[in-house]
Amino acid sequence: MARNGDAPATFGPRPVTQADLIPLARLWHQVWHETQAPFVPATLVALRTEPDFLKRLTAMGDRVRTIGPISAPLGFCAIDDDHMDQLFLAAHARGTGAGAILLADAETRMRANGITHAQLDCLKENAAAIRFYKKAGWTAAGIRSVPLYTHAGPFSFDCMVLTKALA
C-alpha cells in the first residue's frame with residue numbers, strides 16, 4: 001500500500017518530462033550515494049555529482065520512465081536493449097509498490113521491443129536489491145566483472161547477474 005493513500009500507479013509509469021529531470025538527477029544522486037557509494041572506489045564516488053547524474057539521465061532519452069507526480073518523481077527505471085539498466089527509488093517510495101511497477105514497465109517495454117530474455121547487473125553487496133529482483137521473478141546467474149566507463153577512466157565491479165525470460 002502506498003503512503004498517504006496514493007497508489008504509485010496514479011502517477012505512472014510515464015515518460016520523463018523536462019520538469020522531472022533535475023528532481024530525478026537529485027534523487028539518483030542521493031540514492032546512488034546511499035546504496036552504491038559504500039562499495040565503489042572513492043575516485044568514482046567523487047565523479048558522481050548531481051550534474052553528472054543529470055547529464056547521464058538526459059542522455060537516456062526515451063529509454064527511461066518515471067513514477068510519481070511531475071516535478072516530484074518517486075523513482076525511475078531505464079532499459080538498454082535487453083538490459084534493465086537502472087532502477088532507483090526515493091527512500092520514502094520503497095515498500096510502496098513503486099519499484100515493482102517500474103520493473104514491470106521495463107519488462108513490458110523490453111518485451112514490446114522483441115526481447116525475450118532480459119538481464120541486469122547489481123552490485124553483489126546490494127542484498128536488498130537482489131532480494132527485490134528475485135521476488136519479481138529474476139534468477140541469479142552468477143557473478144561477473146562489469147566495466148563502467150567514465151571520463152576519468154574505466155572501473156570494474158563484481159556484480160550479480162540476474163536474468164528473466166520475458167516471453
Side-chain angles (χ1 to χ4, degrees), residues 2-113 115 118-123 126 128-129 132-133 136 138 146-155 157 159 162 166:
R3 299 169 199 264
N4 300 325
D6 292 330
T10 303
F11 304 110
R14 60 177 177 76
V16 172
T17 68
Q18 188 69 30
D20 294 320
L21 287 173
I22 290 174
L24 277 175
R26 188 170 296 126
L27 180 153
W28 192 6
H29 176 263
Q30 179 181 0
V31 176
W32 187 91
H33 280 267
E34 171 197 342
T35 63
Q36 313 292 304
F39 309 110
V40 301
T43 308
L44 178 60
V45 173
L47 295 172
R48 293 303 193 219
T49 63
E50 279 188 36
D52 172 65
F53 285 107
L54 179 59
K55 180 179 177 181
R56 293 171 59 213
L57 185 65
T58 302
M60 290 179 190
D62 64 359
R63 296 183 300 116
V64 63
R65 306 241 309 158
T66 190
I67 195 165
I70 291 174
S71 77
L74 301 173
F76 73 95
C77 186
I79 60 173
D80 189 7
D81 194 34
D82 69 342
H83 204 87
M84 204 291 298
D85 191 38
Q86 305 289 336
L87 176 59
F88 285 86
L89 282 177
H92 66 276
R94 295 177 205 151
T96 67
I101 291 168
L102 283 169
L103 183 58
D105 179 66
E107 293 170 7
T108 297
R109 290 185 292 139
M110 285 188 281
R111 199 176 292 112
N113 291 337
I115 303 301
Q119 63 179 326
L120 64 87
D121 304 315
C122 183
L123 282 177
N126 195 341
F132 167 76
Y133 293 125
W138 291 71
V146 175
L148 173 68
Y149 301 96
T150 71
H151 70 274
F155 294 85
F157 305 99
C159 290
L162 294 110
L166 299 178

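No hydrogens, no waters, no symmetry mates; every other heavy atom, side chains included, goes into these values. None of these values were measured; they are calculated from a predicted model.
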### Task
Give every residue pair that meets the salt bridge (charged side-chain N to carboxylate O under 4.0 Å, His left out) criterion with at least one member in residues 22-32, sequence neighbours excluded.
R26-E50
### Task
For residues F155 and P41, report the shortest heavy-atom separation together with the two atoms involved.
CD2-CG, 4.0 Å
### Closest non-hydrogen atom pair, T96 against A93
OG1-O, 2.6 Å
Hey, does [Y] have a side-chain heavy atom less than 4.5 Å from the side chain of [X]?
{"X": "Q86", "Y": "W28", "answer": "yes"}
{"X": "P147", "Y": "P154", "answer": "no"}
{"X": "V40", "Y": "L123", "answer": "yes"}

### Query
So L102 and L89, side-chain contact (heavy atoms from CB on, under 4.5 Å) or not? Walk me through it.
CA-CA 10 Å; L102 283 169; L89 282 177; 3.9 Å; yes
Which residues share a side-chain contact (heavy atoms from CB on, under 4.5 Å) with [X], sequence neighbours left out:
{"X": "L27", "result": "V31, F88, A90"}
{"X": "P38", "result": "none"}
{"X": "A37", "result": "W32, H33, V45"}
{"X": "A128", "result": "N126, R131"}

Pair up each side-chain donor or acceptor in residues 51-70 with any protein partner under 3.5 Å, not counting sequence neighbours, and list the distances.
residue, atom, partner, partner atom, Å
D52, OD2, R48, NH1, 2.9
T58, OG1, L54, O, 2.8
R63, NH1, I79, O, 2.9
R65, NE, D105, OD2, 3.0
R65, NH2, P13, O, 3.1
R65, NH2, D105, OD1, 3.3
T66, OG1, G75, O, 2.6

### Task
List the steps, then state whether side-chain contact (heavy atoms from CB on, under 4.5 Å) holds for L44 with Q36.
CA-CA 10 Å; L44 178 60; Q36 313 292 304; over 6 Å; no
### For H83, ring-ring contact (aromatic ring centres under 6.0 Å, His included) partners two or more places apart
none
For the [atom1] atom of [X] and the [atom2] atom of [Y], what is their distance to the nearest 0.5 Å?
{"X": "S71", "Y": "L24", "atom1": "OG", "atom2": "CG", "answer": "10.0 Å"}
{"X": "M110", "Y": "I115", "atom1": "CE", "atom2": "CD1", "answer": "8.0 Å"}
{"X": "L120", "Y": "L87", "atom1": "CG", "atom2": "CG", "answer": "9.0 Å"}

### Query
What residues form a side-chain hydrogen bond (donor to acceptor under 3.5 Å, both in side chains) with Q119, not counting sequence neighbours?
R144
### Partners meeting side-chain hydrogen bond (donor to acceptor under 3.5 Å, both in side chains) with E107 (sequence neighbours left out)
W138, K164
### Query
Heavy-atom count around I22 CD1 within 6.0 Å, excluding the residue itself: above 12?
no
### Those residues that, when tested against R14, pass salt bridge (Lys or Arg N to Asp or Glu O under 4.0 Å) (two or more places apart)
D20
